[in-house]
Amino acid sequence: DAGVIQSPRHEVTEMGQEVTLRCKPISGHDYLFWYRQTMMRGLELLIYFNNNVPIDDSGMPEDRFSAKMPNASFSTLKIQPSEPRDSAVYFCASRGQGVGEQYFGPGTRLTVT
Amino acid sequence: TQLLEQSPQFLSIQEGENLTVYCNSSSVFSSLQWYRQEPGEGPVLLVTVVTGGEVKKLKRLTFQFGDARKDSSLHITAAQPGDTGLYLCAGPTPNTGNQFYFGTGTSLTVIP
């Protein structure tokens with residue numbers, strides 16, 4: 001298995017533009033998590049899905065952020081409009097049933113100028 | 001407010017030295033996980049501890065879960081440059097346990 005795949009690996013955009021981050025979880029995993037990592041706040045959970053259904057989005061900072069999981073093999077995190085304070089590394093992770101290991105993707109480094 | 005506090009925040013040591021990093025909370029956790037994150041990559045699970053007082057060893061790494069299940073420590077013996085990275089502890093949320101709180105992290109640099 002190729003592991004969790006994220007794209008793009010790097011994204012540089014101007015303030016006000018729409019940004020879409022993509023994730024392909026490990027096949028067979030039921031849970032998908034989106035995290036944001038910054039020096040100031042560390043690793044924060046934004047939202048997670050179970051069987052493609054959003055379960056908890058309380059970590060989503062504001063309405064500019066949205067996430068979808070149209071099927072078991074694909075998820076997107078969208079920021080519209082983007083702001084400089086959104087600059088961070090965004091990770092996607094997936095996990096099978098039970099309280100076990102989360103497998104993280106390589107992350108997308110987002111820079112908003 | 002961080003549920004899991006890690007110390008120290010930064011640590012720079014010479015190859016061959018020993019070190020201990022800590023993960024502390026005022027809350028009780030059913031289990032704790034330790035991850036290592038290398039630059040440009042996502043965190044990778046090292047170990048899960050589930051029983052109060054439990055000690056697990058992974059080569060030169062020794063993990064301990066506190067008796068009260070509120071804290072954990074990671075001890076590295078004879079550190080090597082390959083141990084360099086960000087060490088994160090994580091604990092499951094108390095309700096469903098489906099999601100994890102992550103600690104503030106300890107950034108370790110081992111100098112050759």
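Every chain is numbered from 1 and lettered A, B, ... according to where its sequence line falls, protein lines coming before strand lines.
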Go through the atoms of [X] and report whether side chain, backbone, both or neither lie under 4.5 Å from a heavy atom of chain B.
X       : result
D56(A)  : side chain
R109(A) : neither
L43(A)  : both

Please report the shortest heavy-atom distance between Q102(A) and Y35(B), naming the atom on each side.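 Heavy-atom minimum between the residues: N-OH, 3.5 Å.
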
What pair of heavy atoms forms the shortest contact from Y48(A) to Q99(B), and how long is it?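 Heavy atoms only, the tightest pair is CE2-OE1, 2.7 Å.
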
Of the backbone (N, CA, C, O) and the side chain (C-beta and beyond), which part of Y101(B) lies under 4.5 Å from a heavy atom of chain A, both, or neither?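 Contact with chain A is absent: no heavy atom of Y101(B) under 4.5 Å.
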
If you count the non-hydrogen atoms of other residues, nucleotides and ligands that lie under 6.0 Å from [atom1] in [X], is the total more than 12?
X      : atom1 : value
Q9(B)  : CD    : no
D63(A) : CG    : no
E14(A) : CD    : no

Enumerate by number any residue of residues 74-82 of chain A whose heavy atoms lie under 4.5 Å from heavy atoms of chain B; in the absence of such residues, state 'none'.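 Heavy-atom contacts from residues 74-82 of chain A to chain B are absent.
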
Stepwise side-chain hydrogen bond (donor to acceptor under 3.5 Å, both in side chains) check, Q37(A) with Q37(B): CA-CA 12 Å; Q37(A) 187 175 41; Q37(B) 182 179 13; 2.9 Å; yes

Hey, do the aromatic rings of F33(A) and F100(B) have their centres closer than 6.0 Å?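 No, ring centres 6.0 Å or more apart.
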
If a pair satisfies ring-ring contact (aromatic ring centres under 6.0 Å, His included) and one of its residues is in residues 5-29 of chain A, list it, with sequence neighbours excluded.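 Found H29(A)-Y103(A).
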
